[in-house]
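One structure is given below, encoded as structure tokens.
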Number of protein chains: 2
Amino acid sequence: MGIDCNNCQARNSKLCSVFDGDSIAELFEIAIPVKVEKGSYLLHEEDSTKYVYNLSSGVSAVERLASDGRRQIMAFIYPGDFIGVSTGPAYSISDRALTDVTACKWHIRDIEALYVKYPELEQRVHEIATRVLAATMDQIFVLGRKNAIEKIAYFLLYIDKRQVKFDGHTDEFTLPMTRADIADYLGITVETVSRAFSLLKKKGFIELSQNWVVRLLDKDTLAEIADHFGPNS
Amino acid sequence: MGIDCNNCQARNSKLCSVFDGDSIAELFEIAIPVKVEKGSYLLHEEDSTKYVYNLSSGVSAVERLASDGRRQIMAFIYPGDFIGVSTGPAYSISDRALTDVTACKWHIRDIEALYVKYPELEQRVHEIATRVLAATMDQIFVLGRKNAIEKIAYFLLYIDKRQVKFDGHTDEFTLPMTRADIADYLGITVETVSRAFSLLKKKGFIELSQNWVVRLLDKDTLAEIADHFGPNS
DNA sequence: CGTGAGCTTGACTAGGTTCAAACGGGGTGG
DNA sequence: CCACCCCGTTTGAACCTAGTCAAGCTCACG
């Protein structure tokens, strides 16, 4: 097994942090290590909901695909994030690896079996679901009530916050997702994403190199834009 | 107390149905009955998250209001639905009564105290959160990827499904919310809602009387429209 | 060095917003 | 009892943001 919990990027995740240095072994013993390469899926909509996942490294996207090809990305998943919390027989979402990804996969029943010995675990799983719900509410507001530029500004700040843990604190990061992914996350088109990036670049709020490296030059203004951007801005 | 659990519209809700005829009294004893009139709020964004609610009668809307007046409705709450599941110190959403409303309110700690005696209760609360999450995912797709008419068709079918329990099975129901509420739920404007209603009426798929009574005349077609409505439809 | 996937940019279009006016029904006060 | 008003809704017309279509660019990779 190539997994060493104490060096895992997810070591401090809501789930794993329930266990201390010794007892973490118990969680690890029932874990099924998973490796998925860029572009492949960790799970599909139709899969039966037997497993939950905790991302160890890489980035993935929770998405739903309609029969006519329209796609919506529900969330981007970073190390320590949880996937697979679901009710009903099938996840109703897929999870696609945006980079090469490793994860721990558990049979739900195996996790539940640990609830007795570690009561806090159950509470944590519940907390995870609740946190996801809160994040989802934010996204509903963004999708329903923000215009394209507000969406992009919001997105950049969101990614900055998510990614700072891994990249350091330089306000500079490398986007793991394509413009199409960003578009499908924000409910707009690639062209609109591109135009918004160009505008923010021209105005001097961000810097782009090689398309995927973003540097935020003026976070305060970006925050204002994310909050409100209108004709008289 | 004016509450009789066994005649409550929420008697079969995920929460209350854990208890049988006798033991329901235990849940009721720690319940704080709440009455809120149309237009008032059951809870505000800033309220500290001490309580959870189960709607007994009426309809309410979970919403968020931005400083510049933009509003987004996250969900409509019907009898048996749950409100207040949250992490963090404050709900970050408000809940406004669309009609006169009654609800049971519990201190979270009182509910948690019952977990020991009724282990299924904890599981149910978790299940509720998960269900809400699934519904929210649907809404994200709708907001991000559906056009105005698809949204309205989806909305009508959604309300039909929610409301059929209380109105009977006639495919006819009375909307408890205004056009503005519908608009804020679907991320469009009142005018667009109104135009979409008119179109569906003209095409003979729905019937409207007194603005609030809707009759679905052709649910199959509505479902097709909700799924896909384009230039060549 | 050529190729192609992904990104940008431009011109045009269209769906939805905005602004404005008119409608309708329920409630109030004369 | 009726006139009036008000709020929510509908409808129309102009406008504008984002989508669509198309071309050209960039850069990683073979």
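Naming convention: chains lettered A, B, ... in sequence-line order (proteins, then strands); numbering from 1 in each chain. This is a predicted model, so every value here is computed, not measured.
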Whole angstroms only, please: what is the [atom1]-[atom2] distance between [X] and [N]?
X: B/Leu199; N: C/dG16; atom1: CG; atom2: P; answer: 11 Å
X: A/Leu175; N: C/dT8; atom1: CG; atom2: C1'; answer: 16 Å
X: A/Ile188; N: D/dC16; atom1: CD1; atom2: P; answer: 21 Å
X: A/Gln210; N: C/dG6; atom1: CD; atom2: P; answer: 17 Å
X: B/Leu208; N: C/dG25; atom1: CG; atom2: P; answer: 13 Å
X: B/Arg70; N: C/dG16; atom1: CZ; atom2: P; answer: 18 Å
X: B/Lys201; N: D/dT9; atom1: NZ; atom2: P; answer: 13 Å
X: B/Lys38; N: D/dC7; atom1: NZ; atom2: P; answer: 14 Å

Side-chain N,O ([X]) to OP1/OP2 ([N]) below 4.0 Å:
X: B/Thr189; N: C/dG16; answer: no
X: B/Ser198; N: D/dT11; answer: yes
X: B/Asn211; N: D/dT10; answer: yes
X: B/Thr192; N: C/dT17; answer: yes

Look only at the side chain of B/Asn147 and the backbone of B/Phe229, and say whether a donor-acceptor pair between them is shorter than 3.5 Å.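 Answer holds: yes.
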Treating A/Gln72 as the side-chain partner and A/Asp184 as the backbone partner, does any N or O pair qualify as donor plus acceptor under 3.5 Å? yes
Contact list for DNA chain D against residues 145-160 of chain A - heavy-atom distance below 4.0 Å: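 Heavy-atom cutoff 4.0 Å gives A/Asn147, A/Ala148.
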Would you mind telling me which of C/dG6, C/dT8, D/dT9 lies closest to the side-chain atoms of A/Trp212? C/dG6
Should [X] and [Y] count as an ion pair when the cut-off is N to O under 4.0 Å?
X: B/Glu224; Y: B/Lys219; answer: no
X: B/Asp100; Y: B/Lys35; answer: no
X: A/Lys201; Y: A/Glu207; answer: no
X: A/Asp218; Y: A/Lys203; answer: no

Please work out whether the ring planes of A/Tyr185 and A/Tyr158 are parallel, tilted or perpendicular, with thresholds of 30° and 60°. parallel
Assign A/Thr178 to base, sugar-phosphate, or nothing according to its heavy-atom contacts below 4.0 angstrom with the strands shown.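 The answer is sugar-phosphate, as A/Thr178 gets under 4.0 Å only of primed atoms, P, OP1 or OP2.
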Confirm from the modelled atom types if B/Arg195 and D/dG12 form a donor-acceptor pair under 3.5 Å, side chain to base only. yes
Would the base of C/dC19 count as contacting B/Glu191 through its side chain, where contact means a donor and an acceptor less than 3.5 Å apart? yes
